[in-house]
Enquirer: 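What follows is a structure written as structure tokens; I'll ask about it next.
As the structure lists them, so they are numbered: ligands from 1, and atoms in each ligand from 1. Treat the numbers as computed from the prediction; the structure is a model and nothing was measured.
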Amino acid sequence: MRSSLERILAPRSVAVVGVSSKQESLSGRLLGNLKSAGFAGGIYPINPRAAVIADLQCYPAIAAAPGPVDLAVIMVPRDAVLAAIDECIAAAVGGVVVITAGFREGGEAGAAVERELLARLRTAGVRMIGPNCMGLINLAPDVRLDTTFSPTPAAPGRVAFASHSGALGVAVLEAAQEVGLGFAQFVSLGNSADVTACDLLELWEDDERVGVVLLYLESLDEPRRFIELASRVSRRKPLVVVKSGRTEAGQRAASSHTGALAAADTAVAALLKQAGAVRVDTLAEMLDVVRAFERCPLPTGPRVAVVTNAGGPAIAATDVIGVHGLGLAELAPATREALRAILPPEASVANPVDMLPSATPENYARAVELTAADAGVDALLTITVRPPLAPPLDVARAIAGVTLAAGKPVLSVFMTGAGFYPAAAALPGMPPVYRFPESAVRALGALRRHAERLTRPAAATVAPARSRALAAATPDADGYLPAAQAFAVLEEIGVPVAPWRVVGGASDLPAAAAAVGYPVVLKAIGARLVHKSDVGGVAVGLRDAGELAAAAAAMSERLATHGVRPDGYLVQRQVMGGREVIVGVARDPAVGPLVMCGLGGVAVEVWKDVAFRVAPFDRREAEAMVDELRGVRLLGAFRGRRPADRAALAAAIEHLGALAAAHPELAECDINPLLVRDDGEGCVAVDARIRVGA
Ligand code: ADP
Ligand code: MG
């Protein structure tokens, strides 16, 4: 028995409920598309007041259809949808696509109907796409289904595309036609009340006809499930995601650095990265990248050869090659000699290979063959500025003729008149064509990132780290743990803390200092002391009892001028020579715990040099976070210093992720700073704040 979702996506019969007899109506269009796509199963228009619509026999109700109905497409007005759904359920349809709008997207009244709709379908075990959607397309040769009212039919191909926005989805299908991008399936998700992008990922993962998965998402409906599925899918095929709503305003109030640095989009960005998705920012970039995935093999390395008939655009290309994680290939002497033999003496045979404006189609074909055969080349970029001596389409044809045999990705830039592009895209074997070098290089960068992802081993499972100290903690009214308890939590999960003692009054300081060992740092503690050094509540470099006593006296005077009376003091061993890093936890309401690492200390919010991941994650992911920091070189061998202990730092980050995953009540945590010592010496937390609660 096929699942309800399979019966929706690959139905053997379709009923359209709520068809109008006017051909120019949306339902008329939809019926037209259904017929012209070549759907071979039964098509049953449902309309109690018509006998024949668009040459199709009409039926007064679903129950009157001459055979079982796999898919019911619902187009009746909103207030008639529930009744239509009841009929569908009674007639045992396989599944429904609700095109009708006016549900959750329109306010509370619509939301209530949507909930009711969903409840009835769930009880009956019938799946639904929509409501408020534009239908779906399945171009598999044995299905050929189009239940959209899109004016232009999509071309068949290997891309499976799901979109929250139906209108945008249809517009993308149209734009894709111009650039020769073909689709296996298109699903307009609408409100995603039942079927979500995750359900489709699950199906597309195993569908051999789907070579590339493309998602246009306005929200992430099931973030945890999405991470899991997307991580799996992206190991089998490229997963390209446009997530709109990136600059969504309204940051949540947060008292930690980690919370303040986590913007609205942070969680989604981290999640997509972790899941191995290729995130693109714009629709133009999306088409550029998807075309490259559809038409090119993946590069096995980052080295690009550029073959051009003009110097300027080649420079524009090489300028951005580094930005996208690629590099310029060094051509072997034999390759250069072979190029020399076919090109005029003024041509440049180093990379970029500049064949000059006189380059012929034959020159392009030979140059592509020769550079592709060079073992030092992983990918090729051809650039053609309108050749004076040959029509650009002849150059395109010549390149298309040798591309398949090249066995490496070839991307082609043609800077010429608009009419050229659809014609070139239609040439058999033609590599993806771009108007500008930057877009081609960016698409190649995406191919490379995906290829790299495939070589990375699957993420290890990380056990959540339960902390007894956290479970037993006694937070203050605002949810903050006393300093000693916060430190105890860290020690429990394997993040070392510099030896410390808490004392109530100045008279206990000498014994505490003797216990942790000089030199010590003295810190005032108290509920209202958030950033202690801001009010003079931290004194470092105290070498003996005398200096400690003097520092304590001076500190209580300084604090008094700020109106602060400390609850006590923390005496801590001074850590020498560590590099200051911040590691923290914030919580995204939808996605859950996020772990941050960044270059720390007091200026962390100035530099904003931070990386986020969704917890939990494995050691490699923690290492990748560190590598991602712009200032990562400060942790390397630097000004005569040995490199910092990055392994210890990664371990601390991973442990914090495991803690956050185990404790949903952990709202915020800042370890600032974690002092990372030289390689082999580990890292040590010297300041920690933990808040529990909402
Ligand atoms: P706060 O962040 O509340 O101002 P910290 O405890 O982080 O207070 O101390 C401020 C700074 O003092 C730290 O960023 C670090 O540079 C330094 N510091 C604090 N404790 C130690 C320590 N045990 N060893 C070395 N340096 C320390
Ligand atoms: Mg601090």
Enquirer: Please classify the Met576 to ligand 1 contact at 4.0 Å (heavy-atom distances, strictly less than): side chain, backbone, both or neither.
Expert: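 Within the 4.0 Å criterion, Met576 makes no contact with ligand 1.
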Enquirer: Return the set of protein N, O or S atoms whose distance to the Mg ion (ligand 2) is under 2.8 Å, each given as residue and atom.
Expert: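 For the Mg ion (ligand 2), the protein N, O and S atoms that sit under 2.8 Å away are Asn672 O, Asp687 OD2.
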Enquirer: Tell me the contacting part of Gln572 for ligand 1: side chain, backbone, both, or neither, using a 4.0 Å heavy-atom threshold, strictly below.
Expert: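 Near ligand 1, Gln572 shows its side chain, while the N, CA, C and O stay back.
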Enquirer: Check each heavy atom of Val538 against ligand 1 and say whether those closer than 4.0 Å belong to the side chain, the backbone, both or neither.
Expert: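 Only the side chain of Val538 comes within reach of ligand 1.
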Enquirer: Would you call Lys532-Asp687 a salt bridge at under 4.0 Å N-O?
Expert: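 Salt bridge flag = yes for Asp687 with Lys532.
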Enquirer: Could you check whether the rings of Trp500 and Phe487 sit parallel, tilted or perpendicular, using 30° and 60° as the cut-offs?
Expert: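 Trp500 and Phe487: tilted rings.
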Enquirer: Answer yes or no: is there an ion pair linking Asp678 with Arg579, defined by an N-O contact shorter than 4.0 Å?
Expert: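 A salt bridge is present here (some side-chain N lies under 4.0 Å from a carboxylate O).
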Enquirer: Could any protein non-hydrogen atom be found less than 4.0 Å from atom 13 (C) of ligand 1?
Expert: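 So atom 13 (C) of ligand 1 has protein heavy-atom neighbours under 4.0 Å.
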Enquirer: Using a strict cut-off of 4.0 Å, indicate which atoms of ligand 1 neighbour a heavy atom of Asp687.
Expert: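 Within the 4.0 Å cut-off of Asp687, ligand 1 contributes 1 (P), 2 (O), 3 (O), 5 (P), 6 (O), 7 (O), 8 (O).
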Enquirer: Please evaluate residues Glu108 and Arg115 with respect to the criterion salt bridge (charged side-chain N to carboxylate O under 4.0 Å, His left out), reporting the C-alpha separation (whole Å), side-chain torsions for both, the decisive distance (0.1 Å), and the verdict.
Expert: CA-CA 10 Å; Glu108 187 37 45; Arg115 282 194 295 273; 2.9 Å; yes
Enquirer: Would Gln574 count as being in polar contact with ligand 1, using the rule that some N or O on each side must be under 3.5 angstrom apart?
Expert: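 No - when backbone and side-chain N and O of Gln574 are compared with those of ligand 1, no distance drops under 3.5 Å.
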Enquirer: Looking only at protein heavy atoms, which one is nearest to atom 24 (N) of ligand 1, and what is the separation?
Expert: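 Here the nearest protein heavy atom works out to Val575 N, 2.9 Å.
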Enquirer: Do the charged groups of Asp508 and Arg501 touch, with an N to O distance under 4.0 Å?
Expert: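 Salt bridge between Asp508 and Arg501, a charged N being under 4.0 Å from a carboxylate O: no.
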Enquirer: Starting from atom 3 (O) of ligand 1, find the nearest protein heavy-atom neighbour and note its residue, name and distance.
Expert: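 The answer is Lys532 N, 2.6 Å.
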Enquirer: Determine yes or no for a side-chain-to-main-chain donor-acceptor pair under 3.5 angstrom, with Lys237 supplying the side chain and Glu205 the backbone.
Expert: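 Present.
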Enquirer: Is there a donor-acceptor pair closer than 3.5 Å between any side-chain N or O of Glu330 and the backbone N or O of Gly376?
Expert: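 Checking the backbone N and O of Gly376 against the side chain of Glu330, no donor-acceptor pair under 3.5 Å is found.
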Enquirer: Ignoring hydrogens, just give me the one of Val521, Leu570, Val535, Ile525 whose non-hydrogen atom is nearest atom 21 (C) of ligand 1.
Expert: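 Among Val521, Leu570, Val535, Ile525, the closest heavy atom to atom 21 (C) of ligand 1 comes from Val521.
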Enquirer: What are the atoms of ligand 1, with element, lying closer than 4.0 Å to any heavy atom of His531?
Expert: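 The list of qualifying atoms is 3 (O), 4 (O).
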Enquirer: Should Glu452 and Arg448 be marked as a salt bridge (charged side-chain N to carboxylate O under 4.0 Å, His left out) after you check the CA-CA gap, both sets of side-chain angles, and the distance that decides it?
Expert: CA-CA 6 Å; Glu452 262 175 341; Arg448 176 70 197 133; 3.5 Å; yes
Enquirer: Mind checking whether Val520 has a heavy atom under 4.0 Å from ligand 1?
Expert: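 Judged by the 4.0 Å heavy-atom criterion, Val520 does not count as contacting ligand 1.
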Enquirer: Does Arg691 reach the main-chain N or O of Glu668 with its side chain, forming a donor-acceptor pair under 3.5 Å?
Expert: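 No.
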Enquirer: Quick one: look up the protein heavy atom nearest atom 26 (N) of ligand 1 and list residue, atom name and how far away it is.
Expert: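 For atom 26 (N) of ligand 1, the nearest protein heavy atom comes out as Leu675 CD1, 4.1 Å.
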Enquirer: Check whether any side-chain N or O of Asn351 sits under 3.5 Å from a backbone N or O of Val304 as a donor-acceptor pair, and report yes or no.
Expert: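 At least one qualifying donor-acceptor pair exists.
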Enquirer: Quick check: does Val540 get an N/O under 3.5 Å from an N/O on ligand 1?
Expert: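 No - when backbone and side-chain N and O of Val540 are compared with those of ligand 1, no distance drops under 3.5 Å.
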Enquirer: Is the NZ or CZ atom of Arg633 positioned over Phe638's six-membered ring, under 6.0 angstrom from the centre and within 45° of the axis?
Expert: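 No.
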Enquirer: Note the single closest protein heavy atom to atom 16 (O) of ligand 1, along with its residue, its atom name and the distance in Å.
Expert: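 Scanning the protein heavy atoms, the shortest distance from atom 16 (O) of ligand 1 goes to Glu580 OE2, 2.2 Å.
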Enquirer: Should Arg225 and Asp199 count as an ion pair when the cut-off is N to O under 4.0 Å?
Expert: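 Answer for the salt bridge query: yes.
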Enquirer: Taking 4.0 Å as the limit for heavy-atom contacts, which would you say applies to Asn672 with ligand 1: side chain only, backbone only, both, or neither?
Expert: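 Under 4.0 Å from ligand 1, Asn672 contributes backbone atoms alone.
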Enquirer: State the atoms of ligand 1, each with its element, that fall below the 4.0 Å cut-off from a heavy-atom position in Pro673.
Expert: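 Atoms satisfying the 4.0 Å criterion: 7 (O), 13 (C), 14 (O), 15 (C).
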Enquirer: Any carboxylate oxygen within less than 4.0 angstrom of a Lys/Arg side-chain nitrogen, looking at Asp265 and Arg279?
Expert: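 So Asp265 pairs with Arg279 through a salt bridge.
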Enquirer: Checking a contact table here: which protein heavy atom is nearest atom 4 (O) of ligand 1, and how many Å away?
Expert: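 So the nearest neighbour among protein heavy atoms is Ser533 OG, 2.4 Å.
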Enquirer: Could you check atom 20 (N) of ligand 1 against the protein and tell me its nearest heavy-atom contact, residue, atom and distance included?
Expert: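 Checked against all protein heavy atoms, atom 20 (N) of ligand 1 sits closest to Lys523 NZ, 3.0 Å.
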Enquirer: Strictly distance-based, threshold 3.5 Å: is any side-chain N or O of Arg573 a donor or acceptor partner for the main-chain N or O of Ala515?
Expert: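 No, the answer is negative, given that no donor and acceptor are paired below the 3.5 Å cut-off.
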Enquirer: Purely on distance, is any nitrogen or oxygen of Asp534 under 3.5 Å from one on ligand 1?
Expert: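 Such a contact does not occur with ligand 1.
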Enquirer: Taking Asp478 for the side chain and Tyr480 for the main chain, is one N or O donor matched with an acceptor at less than 3.5 Å?
Expert: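 No, because the side chain of Asp478 does not come within donor-acceptor range (under 3.5 Å) of the backbone of Tyr480.
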